[in-house]
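Quick one: the structure is below, questions incoming.
A quick note: this is a predicted structure, and the numbers were derived from the prediction, not measured. Chain letters run A, B, ... following the sequence lines, proteins first, then strands; residues in each count from 1.
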Amino acid sequence: DAGVIQSPRHEVTEMGQEVTLRCKPISGHDYLFWYRQTMMRGLELLIYFNNNVPIDDSGMPEDRFSAKMPNASFSTLKIQPSEPRDSAVYFCASTLGGGPDTFGSGTRLTVV
Amino acid sequence: EDQVTQSPEALRLQEGESSSLNCSYTVSGLRGLFWYRQDPGKGPEFLFTLYSAGEEKEKERLKATLTKKESFLHITAPKPEDSATYLCAVRVTDKLIFGTGTRLQVFP
């Protein structure tokens, strides 16, 4: 298996623009997680899905953030409109049951 | 409130100088404690899972232990390639809560 695949690896956008981050989880995994990592706050869980259904989005910072999982092999995290304080590394991870989360390589987002 | 605290924030070791990293936690309903390694520009890489007090896991120069309130990651005779950030996380219900990590640097 190729692991968790995220795209793009880097994204630079202007304030106010819409940003879409993409994730393909490991085949057969039933949980998908979106995390954000910054120097100040470390690794924070934004939202997670179980069998494509959003379970807990309490970590989503604002209504500007939204996430979808239309099928078992694809998820998106969208920020609209983007702001400079959204600059961070966004990770997607997947797991089967209570096992360890397997992380993707991340998307480094810079909002200028 | 569920909380995970790691110490120290940063650690500099000479090659061969053994040491330990600490992860203390306050959670209700622990469903596993996880250790990850993260290299710059990469996602966290899974190392160990511990489920109950007294449990130990080993991998090469690393050994993880667990008590009811904390976990230790012992590094024996480290090498420069062990330099990385080590993250501790606890699973509460279905999600992981991470500590802020220990940045380890091992010098030759």
Engaged part of B:Y36 at the chain A interface, taking heavy atoms whose separation is under 4.5 Å: side chain

Backbone of A:Y90 reached by a side-chain donor or acceptor of A:R36 within 3.5 Å: no

Main-chain N/O of A:V111 paired to A:S87 side chain as donor or acceptor, under 3.5 Å: yes

Test item: A:Q80 side-chain N/O and A:E18 main-chain N/O as donor-acceptor pair under 3.5 Å: yes

Max heavy-atom pair count under 4.5 Å with chain A, selected residue of B:T100, B:L96, B:I97: B:L96

A:M60 reachable from A:I79 in the ILVMFWY side-chain graph, under 4.5 Å edges: yes

Side-chain donor or acceptor of B:E55 paired with backbone N/O of B:S52 under 3.5 Å: yes

Pair B:K95 + A:D101: basic N to acidic O under 4.0 Å: no

Interchain contact, B:E45 with chain A, by part (heavy-atom threshold 4.5 Å): neither

Max heavy-atom pair count under 4.5 Å with chain B, selected residue of A:F91, A:F103, A:F33, A:Y31: A:F103

Chain B contact residues among residues 37-52 of chain A, heavy-atom distance under 4.5 Å: A:Q37, A:L43, A:L45, A:Y48

Most contacts with chain A, counted as non-hydrogen pairs under 4.5 angstrom, among B:R91, B:R31, B:K42, B:Q38: B:R91

Cluster link B:L30 to B:F46, ILVMFWY, side chain under 4.5 Å: no

Side-chain donor or acceptor of A:Q6 paired with backbone N/O of A:G106 under 3.5 Å: yes

Most chain A-contacting option - heavy-atom pairs closer than 4.5 Å, from B:G99, B:G41, B:P44, B:G32: B:P44

Side-chain donor or acceptor of B:T5 paired with backbone N/O of B:S24 under 3.5 Å: no

